[in-house]
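Below, chains carry the letters A, B, ... as their sequence lines are ordered, and counting in each starts from 1. Scope of the values below: all heavy atoms of this structure, side chains included, with no hydrogens, waters or symmetry mates. As the structure is a prediction and not an experimental result, all values here were calculated from the model.
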Amino acid sequence: MTVRVQEGDFDLATELADFGRGAGGIVTFTGIVRNNDAGNLQYMEIEHYPAMTQRAIEAIANEARSRWDLCDLLIIHRHGRLAPGARIMMVATASTHRADAFAAAEFLMDYLKSRAPFWKKEVTSDSAEWVAARETDEKALDRW
Amino acid sequence: MTVRVQEGDFDLATELADFGRGAGGIVTFTGIVRNNDAGNLQYMEIEHYPAMTQRAIEAIANEARSRWDLCDLLIIHRHGRLAPGARIMMVATASTHRADAFAAAEFLMDYLKSRAPFWKKEVTSDSAEWVAARETDEKALDRW
Amino acid sequence: MIDVVYFAWVRERIGLPREQVETNATTVAELIDELSAREERYALAFSDRGAIRAAVDQTLVDLDAPLKGAREVAFFPPMTGG
Amino acid sequence: MIDVVYFAWVRERIGLPREQVETNATTVAELIDELSAREERYALAFSDRGAIRAAVDQTLVDLDAPLKGAREVAFFPPMTGG
(Lines give C-alpha, C1' and ligand atoms only; values in the text may rest on other atoms or scores of the structure.)
Protein backbone atom coordinates (compact mmCIF):
# COMPACT_ATOMS: atom_id res chain seq x y z
CA MET A 1 0.00 0.00 0.00
CA THR A 2 1.28 3.45 -0.94
CA VAL A 3 -0.07 6.79 0.25
CA ARG A 4 1.75 9.94 -0.76
CA VAL A 5 1.03 13.64 -0.38
CA GLN A 6 3.33 15.74 -2.51
CA GLU A 7 3.72 19.03 -4.32
CA GLY A 8 5.35 17.58 -7.45
CA ASP A 9 3.73 15.82 -10.37
CA PHE A 10 3.49 12.04 -10.70
CA ASP A 11 3.61 9.70 -13.63
CA LEU A 12 0.97 7.00 -13.99
CA ALA A 13 3.27 4.54 -15.75
CA THR A 14 6.00 4.88 -13.12
CA GLU A 15 3.51 4.49 -10.28
CA LEU A 16 1.96 1.41 -11.84
CA ALA A 17 5.21 -0.29 -12.91
CA ASP A 18 5.24 -2.58 -9.87
CA PHE A 19 1.64 -2.17 -8.85
CA GLY A 20 -0.75 -5.04 -8.19
CA ARG A 21 1.33 -8.07 -9.07
CA GLY A 22 -0.84 -11.16 -9.09
CA ALA A 23 -4.06 -9.19 -9.44
CA GLY A 24 -6.63 -9.90 -12.14
CA GLY A 25 -7.56 -6.27 -12.60
CA ILE A 26 -6.35 -2.79 -11.84
CA VAL A 27 -8.58 0.28 -11.66
CA THR A 28 -7.13 3.78 -11.69
CA PHE A 29 -8.70 7.18 -11.30
CA THR A 30 -6.73 10.31 -12.18
CA GLY A 31 -8.13 13.71 -11.27
CA ILE A 32 -7.20 16.61 -13.52
CA VAL A 33 -7.57 20.39 -13.06
CA ARG A 34 -10.32 21.55 -15.41
CA ASN A 35 -10.59 25.11 -16.62
CA ASN A 36 -13.68 26.96 -15.35
CA ASP A 37 -16.68 27.79 -17.54
CA ALA A 38 -15.30 31.28 -18.27
CA GLY A 39 -12.03 29.71 -19.39
CA ASN A 40 -9.95 32.13 -17.29
CA LEU A 41 -8.59 29.82 -14.58
CA GLN A 42 -4.98 30.67 -13.87
CA TYR A 43 -4.38 27.96 -11.32
CA MET A 44 -5.95 25.95 -8.55
CA GLU A 45 -4.26 26.43 -5.18
CA ILE A 46 -4.56 23.32 -3.04
CA GLU A 47 -4.06 23.86 0.68
CA HIS A 48 -3.81 20.96 3.09
CA TYR A 49 -3.22 20.18 6.76
CA PRO A 50 0.24 18.60 6.70
CA ALA A 51 0.12 17.09 10.19
CA MET A 52 -3.15 15.35 9.41
CA THR A 53 -3.26 14.62 5.68
CA GLN A 54 -1.20 11.46 5.45
CA ARG A 55 -2.89 9.94 8.49
CA ALA A 56 -6.38 10.81 7.25
CA ILE A 57 -5.74 9.27 3.85
CA GLU A 58 -4.22 6.15 5.41
CA ALA A 59 -7.34 5.73 7.54
CA ILE A 60 -9.50 5.91 4.39
CA ALA A 61 -7.18 3.45 2.64
CA ASN A 62 -7.35 1.00 5.54
CA GLU A 63 -11.12 1.22 5.57
CA ALA A 64 -11.12 0.30 1.86
CA ARG A 65 -8.79 -2.64 2.51
CA SER A 66 -11.08 -3.95 5.23
CA ARG A 67 -14.15 -3.74 3.01
CA TRP A 68 -12.83 -5.21 -0.23
CA ASP A 69 -10.46 -7.94 -1.30
CA LEU A 70 -7.56 -5.84 -2.56
CA CYS A 71 -4.06 -7.00 -3.57
CA ASP A 72 -2.74 -3.47 -3.65
CA LEU A 73 -3.77 0.14 -3.24
CA LEU A 74 -2.16 3.46 -4.15
CA ILE A 75 -3.17 7.02 -3.38
CA ILE A 76 -1.27 10.14 -4.42
CA HIS A 77 -2.61 13.64 -3.78
CA ARG A 78 -0.83 16.85 -4.73
CA HIS A 79 -0.96 20.27 -3.08
CA GLY A 80 0.22 23.73 -4.10
CA ARG A 81 -0.44 25.53 -7.39
CA LEU A 82 -1.82 23.44 -10.20
CA ALA A 83 -2.50 24.85 -13.67
CA PRO A 84 -5.43 23.69 -15.86
CA GLY A 85 -4.64 20.27 -17.27
CA ALA A 86 -2.38 19.31 -14.34
CA ARG A 87 -2.92 16.02 -12.49
CA ILE A 88 -4.29 16.65 -8.98
CA MET A 89 -4.40 13.14 -7.62
CA MET A 90 -4.72 9.49 -8.44
CA VAL A 91 -5.93 6.31 -6.83
CA ALA A 92 -5.23 2.78 -8.01
CA THR A 93 -6.73 -0.45 -6.72
CA ALA A 94 -5.79 -4.02 -7.64
CA SER A 95 -7.92 -7.06 -6.97
CA THR A 96 -8.64 -10.54 -8.20
CA HIS A 97 -12.25 -9.39 -8.64
CA ARG A 98 -12.91 -6.42 -10.86
CA ALA A 99 -16.02 -5.40 -8.93
CA ASP A 100 -13.90 -5.02 -5.79
CA ALA A 101 -11.31 -2.91 -7.59
CA PHE A 102 -14.02 -0.62 -8.99
CA ALA A 103 -15.94 -0.29 -5.74
CA ALA A 104 -12.80 0.41 -3.70
CA ALA A 105 -11.61 3.07 -6.16
CA GLU A 106 -14.98 4.85 -6.05
CA PHE A 107 -15.09 4.60 -2.27
CA LEU A 108 -11.59 6.10 -2.01
CA MET A 109 -12.56 8.97 -4.31
CA ASP A 110 -15.76 9.72 -2.41
CA TYR A 111 -13.94 9.77 0.91
CA LEU A 112 -10.91 11.70 -0.32
CA LYS A 113 -13.31 14.38 -1.60
CA SER A 114 -15.00 14.95 1.73
CA ARG A 115 -12.82 13.48 4.47
CA ALA A 116 -9.21 14.26 3.57
CA PRO A 117 -8.04 17.72 4.68
CA PHE A 118 -7.60 19.48 1.32
CA TRP A 119 -9.13 22.77 0.22
CA LYS A 120 -9.14 24.14 -3.31
CA LYS A 121 -8.98 27.80 -4.22
CA GLU A 122 -9.74 28.79 -7.78
CA VAL A 123 -7.54 31.69 -8.90
CA THR A 124 -8.67 33.37 -12.12
CA SER A 125 -7.44 36.50 -13.88
CA ASP A 126 -9.79 38.58 -11.71
CA SER A 127 -10.74 36.59 -8.61
CA ALA A 128 -9.64 34.05 -6.01
CA GLU A 129 -12.45 31.94 -4.56
CA TRP A 130 -12.48 28.91 -2.31
CA VAL A 131 -14.28 26.06 -4.02
CA ALA A 132 -17.47 25.27 -2.10
CA ALA A 133 -18.09 21.69 -1.05
CA ARG A 134 -21.06 20.28 -2.89
CA GLU A 135 -23.93 18.65 -1.09
CA THR A 136 -23.73 15.80 -3.58
CA ASP A 137 -20.18 15.06 -2.44
CA GLU A 138 -21.36 14.64 1.14
CA LYS A 139 -24.35 12.57 0.03
CA ALA A 140 -22.07 10.32 -2.00
CA LEU A 141 -20.76 8.91 1.30
CA ASP A 142 -24.18 7.55 2.24
CA ARG A 143 -24.00 4.75 -0.25
CA TRP A 144 -21.04 3.07 1.47
CA MET B 1 -12.84 7.25 -29.37
CA THR B 2 -10.44 4.36 -29.91
CA VAL B 3 -11.32 0.68 -30.20
CA ARG B 4 -8.57 -1.78 -31.01
CA VAL B 5 -8.36 -5.57 -31.17
CA GLN B 6 -4.81 -6.78 -31.39
CA GLU B 7 -2.46 -9.65 -30.65
CA GLY B 8 0.39 -7.50 -29.34
CA ASP B 9 0.80 -5.92 -25.92
CA PHE B 10 -0.11 -2.31 -25.15
CA ASP B 11 1.36 0.28 -22.84
CA LEU B 12 -0.92 2.23 -20.52
CA ALA B 13 1.21 5.38 -20.56
CA THR B 14 1.41 5.47 -24.35
CA GLU B 15 -2.31 4.90 -24.70
CA LEU B 16 -3.13 7.64 -22.21
CA ALA B 17 -0.60 10.22 -23.45
CA ASP B 18 -3.21 12.13 -25.47
CA PHE B 19 -6.28 10.71 -23.80
CA GLY B 20 -9.12 12.78 -22.39
CA ARG B 21 -7.85 16.33 -22.82
CA GLY B 22 -10.13 18.76 -21.02
CA ALA B 23 -11.62 16.06 -18.79
CA GLY B 24 -11.76 16.35 -15.01
CA GLY B 25 -11.15 12.68 -14.41
CA ILE B 26 -9.94 9.55 -16.15
CA VAL B 27 -10.81 6.01 -15.09
CA THR B 28 -8.91 3.02 -16.40
CA PHE B 29 -9.37 -0.69 -15.98
CA THR B 30 -6.62 -3.09 -16.98
CA GLY B 31 -7.33 -6.82 -17.04
CA ILE B 32 -4.41 -9.14 -16.32
CA VAL B 33 -4.01 -12.91 -16.77
CA ARG B 34 -4.02 -14.49 -13.32
CA ASN B 35 -2.50 -17.84 -12.60
CA ASN B 36 -5.01 -20.53 -11.61
CA ASP B 37 -5.39 -21.88 -8.08
CA ALA B 38 -3.04 -24.79 -8.81
CA GLY B 39 -0.42 -22.34 -10.06
CA ASN B 40 0.23 -24.35 -13.23
CA LEU B 41 -1.26 -22.09 -15.91
CA GLN B 42 0.98 -22.04 -18.96
CA TYR B 43 -1.02 -19.55 -20.95
CA MET B 44 -4.49 -18.32 -21.71
CA GLU B 45 -5.48 -18.70 -25.37
CA ILE B 46 -7.94 -16.03 -26.41
CA GLU B 47 -9.96 -16.81 -29.52
CA HIS B 48 -12.17 -14.21 -31.15
CA TYR B 49 -14.44 -13.73 -34.16
CA PRO B 50 -12.43 -11.32 -36.29
CA ALA B 51 -15.25 -10.27 -38.63
CA MET B 52 -17.42 -9.34 -35.66
CA THR B 53 -15.18 -8.25 -32.80
CA GLN B 54 -14.41 -4.66 -33.71
CA ARG B 55 -18.01 -3.96 -34.63
CA ALA B 56 -19.38 -5.55 -31.44
CA ILE B 57 -17.02 -3.54 -29.25
CA GLU B 58 -17.84 -0.32 -31.10
CA ALA B 59 -21.53 -0.93 -30.50
CA ILE B 60 -20.86 -1.31 -26.77
CA ALA B 61 -18.70 1.83 -26.81
CA ASN B 62 -21.40 3.83 -28.57
CA GLU B 63 -23.97 2.66 -26.06
CA ALA B 64 -21.70 3.94 -23.26
CA ARG B 65 -21.29 7.29 -25.01
CA SER B 66 -25.04 7.67 -25.33
CA ARG B 67 -25.61 6.92 -21.64
CA TRP B 68 -22.89 9.03 -20.01
CA ASP B 69 -21.23 12.36 -20.56
CA LEU B 70 -17.82 11.22 -21.81
CA CYS B 71 -15.03 13.33 -23.31
CA ASP B 72 -13.14 10.29 -24.50
CA LEU B 73 -13.21 6.51 -24.47
CA LEU B 74 -10.63 3.82 -25.24
CA ILE B 75 -10.94 0.05 -25.48
CA ILE B 76 -8.13 -2.36 -26.31
CA HIS B 77 -8.59 -6.13 -26.24
CA ARG B 78 -5.89 -8.66 -27.07
CA HIS B 79 -6.22 -12.16 -28.51
CA GLY B 80 -3.84 -15.08 -28.91
CA ARG B 81 -1.61 -16.64 -26.25
CA LEU B 82 -1.18 -14.67 -23.04
CA ALA B 83 1.05 -15.83 -20.19
CA PRO B 84 0.21 -15.25 -16.51
CA GLY B 85 0.83 -11.59 -15.68
CA ALA B 86 0.15 -10.40 -19.24
CA ARG B 87 -2.30 -7.60 -19.88
CA ILE B 88 -5.45 -8.90 -21.60
CA MET B 89 -7.36 -5.71 -22.16
CA MET B 90 -7.97 -2.19 -20.99
CA VAL B 91 -10.70 0.39 -21.02
CA ALA B 92 -10.33 4.09 -20.27
CA THR B 93 -13.06 6.68 -19.86
CA ALA B 94 -12.70 10.44 -19.48
CA SER B 95 -15.41 12.75 -18.21
CA THR B 96 -15.98 16.05 -16.47
CA HIS B 97 -17.88 14.06 -13.83
CA ARG B 98 -16.08 11.26 -12.08
CA ALA B 99 -19.28 9.29 -11.48
CA ASP B 100 -19.82 9.14 -15.25
CA ALA B 101 -16.27 7.97 -15.89
CA PHE B 102 -16.62 5.21 -13.27
CA ALA B 103 -20.06 4.07 -14.39
CA ALA B 104 -19.08 3.99 -18.07
CA ALA B 105 -15.92 1.99 -17.35
CA GLU B 106 -17.86 -0.60 -15.34
CA PHE B 107 -20.55 -0.77 -17.99
CA LEU B 108 -17.93 -1.35 -20.70
CA MET B 109 -16.31 -4.13 -18.66
CA ASP B 110 -19.62 -5.86 -17.95
CA TYR B 111 -20.59 -5.80 -21.61
CA LEU B 112 -17.15 -6.75 -22.96
CA LYS B 113 -17.26 -9.81 -20.66
CA SER B 114 -20.54 -11.14 -22.01
CA ARG B 115 -21.26 -9.46 -25.34
CA ALA B 116 -17.96 -9.20 -27.20
CA PRO B 117 -17.00 -12.36 -29.13
CA PHE B 118 -13.98 -13.57 -27.15
CA TRP B 119 -13.43 -17.00 -25.64
CA LYS B 120 -10.70 -17.93 -23.19
CA LYS B 121 -9.03 -21.32 -23.00
CA GLU B 122 -6.90 -22.09 -19.99
CA VAL B 123 -3.89 -24.20 -20.94
CA THR B 124 -2.05 -25.77 -17.99
CA SER B 125 0.78 -28.28 -17.84
CA ASP B 126 -1.80 -31.11 -18.02
CA SER B 127 -5.04 -29.76 -19.46
CA ALA B 128 -6.68 -27.33 -21.84
CA GLU B 129 -10.13 -26.15 -20.78
CA TRP B 130 -12.45 -23.48 -22.13
CA VAL B 131 -13.28 -21.02 -19.38
CA ALA B 132 -16.99 -21.28 -18.55
CA ALA B 133 -19.06 -18.11 -18.55
CA ARG B 134 -20.23 -17.29 -15.07
CA GLU B 135 -23.85 -16.65 -14.29
CA THR B 136 -22.77 -13.59 -12.31
CA ASP B 137 -21.28 -12.10 -15.48
CA GLU B 138 -24.61 -12.39 -17.25
CA LYS B 139 -26.46 -11.03 -14.22
CA ALA B 140 -24.08 -8.07 -14.05
CA LEU B 141 -25.78 -6.74 -17.21
CA ASP B 142 -29.13 -6.41 -15.45
CA ARG B 143 -28.07 -3.39 -13.47
CA TRP B 144 -27.59 -1.20 -16.56
CA MET C 1 -25.81 -21.39 -49.53
CA ILE C 2 -24.89 -19.91 -46.23
CA ASP C 3 -21.51 -19.61 -44.49
CA VAL C 4 -21.56 -21.20 -41.05
CA VAL C 5 -18.69 -20.48 -38.66
CA TYR C 6 -17.91 -22.03 -35.28
CA PHE C 7 -15.85 -20.84 -32.34
CA ALA C 8 -14.32 -22.20 -29.14
CA TRP C 9 -15.68 -25.61 -28.03
CA VAL C 10 -18.43 -25.54 -30.65
CA ARG C 11 -15.66 -25.40 -33.28
CA GLU C 12 -13.68 -28.13 -31.51
CA ARG C 13 -16.64 -30.50 -31.18
CA ILE C 14 -17.74 -30.04 -34.77
CA GLY C 15 -14.13 -30.29 -35.88
CA LEU C 16 -14.01 -27.42 -38.32
CA PRO C 17 -14.02 -23.63 -38.14
CA ARG C 18 -16.19 -22.87 -41.17
CA GLU C 19 -18.27 -24.55 -43.82
CA GLN C 20 -20.84 -23.77 -46.47
CA VAL C 21 -24.30 -25.17 -45.83
CA GLU C 22 -27.22 -25.67 -48.17
CA THR C 23 -30.29 -25.11 -46.04
CA ASN C 24 -34.00 -24.42 -46.11
CA ALA C 25 -34.04 -23.39 -42.45
CA THR C 26 -35.97 -20.19 -41.82
CA THR C 27 -34.60 -19.56 -38.32
CA VAL C 28 -31.33 -20.06 -36.50
CA ALA C 29 -32.95 -22.80 -34.39
CA GLU C 30 -34.04 -24.68 -37.50
CA LEU C 31 -30.51 -24.51 -38.83
CA ILE C 32 -29.31 -26.02 -35.54
CA ASP C 33 -31.92 -28.79 -35.94
CA GLU C 34 -30.72 -29.56 -39.47
CA LEU C 35 -27.06 -29.60 -38.47
CA SER C 36 -27.75 -31.73 -35.39
CA ALA C 37 -29.51 -34.31 -37.57
CA ARG C 38 -26.45 -34.66 -39.79
CA GLU C 39 -23.90 -36.34 -37.57
CA GLU C 40 -23.17 -37.19 -33.99
CA ARG C 41 -20.50 -34.48 -33.64
CA TYR C 42 -23.03 -31.77 -34.54
CA ALA C 43 -25.63 -33.28 -32.22
CA LEU C 44 -23.06 -33.26 -29.44
CA ALA C 45 -21.96 -29.68 -30.12
CA PHE C 46 -25.57 -28.44 -30.07
CA SER C 47 -26.91 -30.76 -27.35
CA ASP C 48 -27.27 -27.99 -24.78
CA ARG C 49 -29.12 -25.23 -26.58
CA GLY C 50 -28.95 -23.01 -23.52
CA ALA C 51 -25.18 -22.96 -23.91
CA ILE C 52 -25.27 -21.94 -27.58
CA ARG C 53 -25.03 -18.33 -28.72
CA ALA C 54 -25.50 -17.25 -32.33
CA ALA C 55 -24.74 -14.30 -34.57
CA VAL C 56 -26.26 -13.61 -37.97
CA ASP C 57 -24.04 -11.52 -40.20
CA GLN C 58 -21.90 -10.61 -37.19
CA THR C 59 -24.77 -9.45 -34.99
CA LEU C 60 -25.81 -11.36 -31.86
CA VAL C 61 -29.30 -12.81 -32.20
CA ASP C 62 -31.67 -15.07 -30.28
CA LEU C 63 -32.01 -18.63 -31.54
CA ASP C 64 -35.47 -17.90 -32.90
CA ALA C 65 -34.12 -15.15 -35.17
CA PRO C 66 -34.99 -15.44 -38.89
CA LEU C 67 -32.34 -16.49 -41.40
CA LYS C 68 -33.80 -14.72 -44.43
CA GLY C 69 -31.03 -13.00 -46.38
CA ALA C 70 -28.30 -14.17 -43.97
CA ARG C 71 -24.86 -14.69 -45.48
CA GLU C 72 -22.96 -15.82 -42.38
CA VAL C 73 -24.23 -17.54 -39.26
CA ALA C 74 -21.91 -18.08 -36.29
CA PHE C 75 -22.30 -20.51 -33.39
CA PHE C 76 -20.31 -20.31 -30.18
CA PRO C 77 -20.50 -20.69 -26.41
CA PRO C 78 -21.29 -17.79 -24.06
CA MET C 79 -18.54 -15.24 -24.41
CA THR C 80 -15.78 -14.91 -21.84
CA GLY C 81 -13.83 -11.80 -22.79
CA GLY C 82 -12.74 -8.91 -20.64
CA MET D 1 -2.56 26.07 26.48
CA ILE D 2 -3.80 24.55 23.28
CA ASP D 3 -2.58 24.99 19.70
CA VAL D 4 -5.34 26.17 17.41
CA VAL D 5 -4.81 25.99 13.64
CA TYR D 6 -6.95 27.37 10.82
CA PHE D 7 -7.22 26.47 7.15
CA ALA D 8 -8.68 27.87 3.94
CA TRP D 9 -11.24 30.68 4.41
CA VAL D 10 -11.33 30.16 8.19
CA ARG D 11 -7.61 31.00 8.20
CA GLU D 12 -8.14 33.97 5.89
CA ARG D 13 -11.00 35.45 7.92
CA ILE D 14 -9.20 35.08 11.22
CA GLY D 15 -6.03 36.36 9.61
CA LEU D 16 -3.55 33.85 10.98
CA PRO D 17 -2.73 30.18 10.45
CA ARG D 18 -1.97 29.16 14.02
CA GLU D 19 -2.04 30.50 17.56
CA GLN D 20 -1.81 29.33 21.13
CA VAL D 21 -4.99 29.72 23.15
CA GLU D 22 -5.54 29.66 26.90
CA THR D 23 -8.94 28.12 27.38
CA ASN D 24 -11.29 26.48 29.87
CA ALA D 25 -13.54 25.17 27.12
CA THR D 26 -14.50 21.52 27.60
CA THR D 27 -15.77 20.96 24.05
CA VAL D 28 -14.87 22.11 20.57
CA ALA D 29 -18.12 24.10 20.42
CA GLU D 30 -17.24 25.92 23.63
CA LEU D 31 -13.85 26.82 22.20
CA ILE D 32 -15.64 28.28 19.16
CA ASP D 33 -17.87 30.30 21.52
CA GLU D 34 -14.84 31.68 23.37
CA LEU D 35 -12.99 32.57 20.18
CA SER D 36 -16.10 34.16 18.61
CA ALA D 37 -16.51 36.38 21.69
CA ARG D 38 -12.98 37.73 21.29
CA GLU D 39 -13.13 39.80 18.13
CA GLU D 40 -15.28 40.45 15.12
CA ARG D 41 -12.99 38.51 12.74
CA TYR D 42 -13.46 35.33 14.82
CA ALA D 43 -17.19 35.89 15.06
CA LEU D 44 -17.29 36.26 11.28
CA ALA D 45 -15.17 33.17 10.64
CA PHE D 46 -17.38 31.05 12.92
CA SER D 47 -20.74 32.69 12.10
CA ASP D 48 -22.03 29.68 10.15
CA ARG D 49 -21.39 26.71 12.43
CA GLY D 50 -22.79 24.33 9.84
CA ALA D 51 -19.91 25.29 7.54
CA ILE D 52 -17.23 24.64 10.17
CA ARG D 53 -15.38 21.35 10.46
CA ALA D 54 -12.98 20.52 13.28
CA ALA D 55 -10.19 18.10 14.07
CA VAL D 56 -8.76 17.36 17.50
CA ASP D 57 -5.18 16.13 17.41
CA GLN D 58 -5.51 15.53 13.66
CA THR D 59 -8.68 13.47 13.87
CA LEU D 60 -12.00 14.74 12.50
CA VAL D 61 -14.56 15.26 15.27
CA ASP D 62 -18.07 16.64 15.72
CA LEU D 63 -18.34 20.08 17.25
CA ASP D 64 -19.63 18.62 20.51
CA ALA D 65 -16.45 16.53 20.95
CA PRO D 66 -14.61 16.93 24.27
CA LEU D 67 -11.35 18.88 24.44
CA LYS D 68 -9.86 17.08 27.42
CA GLY D 69 -6.20 16.32 26.77
CA ALA D 70 -6.23 17.93 23.32
CA ARG D 71 -2.98 19.48 22.15
CA GLU D 72 -4.05 20.76 18.74
CA VAL D 73 -7.47 21.81 17.51
CA ALA D 74 -8.01 22.64 13.83
CA PHE D 75 -10.88 24.59 12.25
CA PHE D 76 -11.63 24.61 8.55
CA PRO D 77 -14.42 24.57 5.96
CA PRO D 78 -15.81 21.35 4.45
CA MET D 79 -13.03 19.63 2.57
CA THR D 80 -12.79 19.79 -1.20
CA GLY D 81 -9.99 17.41 -2.16
CA GLY D 82 -9.94 14.71 -4.79
For the pair B:Met1 and B:Asn62, evaluate side-chain contact (heavy atoms from CB on, under 4.5 Å) and give the outcome as yes or no after the intermediate values. CA-CA 9 Å; B:Met1 181 173 105; B:Asn62 284 328; 3.8 Å; yes
Given the options [options], which has more heavy-atom pairs under 4.5 Å with chain C than any of the others?
{"options": "B:Arg55, B:Met109, B:Lys121", "answer": "B:Arg55"}
{"options": "B:Trp130, B:Phe118, B:Phe29, B:Tyr111", "answer": "B:Trp130"}
{"options": "B:Ala59, B:Ser114, B:Ala56", "answer": "B:Ser114"}

What parts of residues 49-77 of chain C touch chain B if we use heavy atoms and a cut-off under 4.5 Å? C:Ala55, C:Asp57, C:Gln58, C:Thr59, C:Leu60, C:Glu72, C:Ala74, C:Phe76, C:Pro77
Residues in residues 24-47 of chain C that sit under 4.5 Å from chain B, counting heavy atoms only: none
Would you mind reporting whether B:Tyr43 and B:Val33 have side-chain heavy atoms less than 4.5 Å apart? no
Kindly indicate whether the side chain of B:Asp9, heavy atoms from C-beta on, has any atom under 4.5 Å from the side chain of B:Asp11. no
To the nearest 0.5 angstrom, please state how far the [atom1] atom of [X] sits from the [atom2] atom of [Y].
{"X": "B:Asp137", "Y": "B:Leu112", "atom1": "CG", "atom2": "CG", "result": "11.5 Å"}
{"X": "B:Leu141", "Y": "B:Thr136", "atom1": "CG", "atom2": "OG1", "result": "10.5 Å"}
{"X": "B:Met89", "Y": "B:His79", "atom1": "CE", "atom2": "NE2", "result": "14.0 Å"}

Can B:Lys120 and B:Glu129 be counted as an ion pair, charged N to O under 4.0 angstrom? no
Under a 4.0 Å threshold between the charged nitrogen and the carboxylate oxygen, would B:Arg115 count as salt-bridged to B:Glu63? no
Which of parallel (below 30°), tilted (30 to 60°) and perpendicular (above 60°) describes B:Trp144 and B:Trp68? perpendicular
Would the number of heavy atoms belonging to other residues, nucleotides or ligands and lying under 6.0 Å from CD of B:Glu135 be above 12? no
I'd like to know whether CG of B:Asp37 has more than 12 heavy-atom contacts from other residues, nucleotides or ligands below 6.0 angstrom. no
Let me know if B:Ile88 has heavy atoms under 4.5 Å from chain C in its side chain, its backbone, both or neither. side chain
